[in-house]
Peer 1: 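Before I ask anything, let me first share the structure, which is written out below as C-alpha cells.
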Amino acid sequence: MITKQNCRCDKCGCAFIPKPKTQRDGEIEYTFFNCDFCGKAFIVSVTDAALRRNIRKYAAFADRQKKSTLSEMELLFAARLKEQNLNRAAELRQMYIREE
Ligand SMILES: [Zn+2]
C-alpha cells in the first residue's frame, strides 16, 4: 500500500508525499489522500465492514506467521483469504469509485 513514497499527481504533475486519510460513509470506508498542490483526491481503497473484518483476520495470520510457523491448512486459508480480500477490494473500487 502507498506509504511514505513520493507520488506524482496526474492532474498538476507535482510530486508530493501522500498523507492518507479515511472517510466513513455508512458501512463504506474510503482511504484517500489529496494532492498537496491542486487538492485532487486519490482514492487508495474502499472497504466495507465485511472486508475490513477479513483484512484484520488476514493481518492476524500474517502477524502470527512472523512469530511461529503456521500449519499448511492455515497457510492455505490465509492465502485464500488474501485473494478474496483483493477481489472484494477490486469489486468495491468498481462499485464506489468513478474514475475521473
Ligand atoms: Zn495536483
Side-chain angles (χ1 to χ4, degrees):
M1 204 153 275
I2 302 157
T3 44
K4 297 271 175 286
Q5 234 176 343
N6 255 2
C7 86
R8 191 167 287 277
C9 177
D10 58 18
K11 191 176 171 199
C12 71
C14 285
F16 62 97
I17 295 172
K19 297 178 267 313
K21 292 172 274 200
T22 56
Q23 190 184 325
R24 272 308 246 299
D25 183 6
E27 198 186 83
I28 302 299
E29 191 176 281
Y30 299 88
T31 304
F32 67 99
F33 54 85
N34 295 100
C35 170
D36 278 356
F37 300 93
C38 72
K40 181 177 165 47
F42 293 87
I43 297 183
V44 181
S45 65
V46 187
T47 57
D48 61 9
L51 178 56
R52 284 194 299 279
R53 203 161 44 235
N54 285 333
I55 288 172
R56 275 200 300 275
K57 238 190 244 174
Y58 178 75
F61 271 115
D63 216 42
R64 273 178 48 206
Q65 203 182 358
K66 278 184 224 152
K67 293 170 213 147
S68 64
T69 314
L70 299 181
S71 74
E72 228 159 277
M73 277 298 284
E74 286 174 313
L75 286 173
L76 204 69
F77 183 82
R80 204 172 293 160
L81 192 61
K82 186 180 184 181
E83 203 181 295
Q84 278 171 10
N85 289 350
L86 288 172
N87 288 340
R88 183 63 183 149
E91 235 174 66
L92 287 168
R93 259 193 102 86
Q94 283 209 320
M95 281 162 68
Y96 291 100
I97 303 176
R98 252 160 259 128
E99 307 282 359
E100 284 166 38

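One-based numbering along the sequence shown. In listed order, ligands and their atoms are each counted from 1.
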Peer 1: Test of understanding: with ring pair (Phe, Tyr, Trp, His ring centres under 6.0 Å), list the residues that count as partners of Tyr96, not counting sequence neighbours.
Peer 2: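 Not a single residue meets the ring pair (Phe, Tyr, Trp, His ring centres under 6.0 Å) criterion with Tyr96.
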Peer 1: Can you check whether Pro20 reaches Phe32 side chain to side chain, under 4.5 Å on heavy atoms?
Peer 2: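 No, every pair of side-chain atoms sits at 4.5 Å or beyond.
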Peer 1: If a pair satisfies salt bridge (charged side-chain N to carboxylate O under 4.0 Å, His left out) and one of its residues is in residues 55-65, list it, with sequence neighbours excluded.
Peer 2: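 Passing the test, one end in residues 55-65: Asp63-Lys66, Asp63-Lys67, Arg64-Glu74.
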Peer 1: Taking salt bridge (charged side-chain N to carboxylate O under 4.0 Å, His left out) as the cut-off, I'd like each qualifying pair that reaches into residues 24-34, sequence neighbours left out, listed once.
Peer 2: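 Residue pairs with at least one partner in residues 24-34: Arg24-Glu29.
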Peer 1: In this structure, which one of Lys40, Lys19, Lys21 forms a side-chain hydrogen bond (donor to acceptor under 3.5 Å, both in side chains) with Asn34?
Peer 2: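 Single pass found, and it is Lys21.
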Peer 1: So does Arg88 pair up with Glu91, basic N to acidic O under 4.0 Å?
Peer 2: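 Salt bridge: yes.
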Peer 1: Give the total of protein N/O/S atoms at a distance below 2.8 Å from the Zn ion (ligand 1).
Peer 2: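 Under the 2.8 Å cut-off, the count stands at 4.
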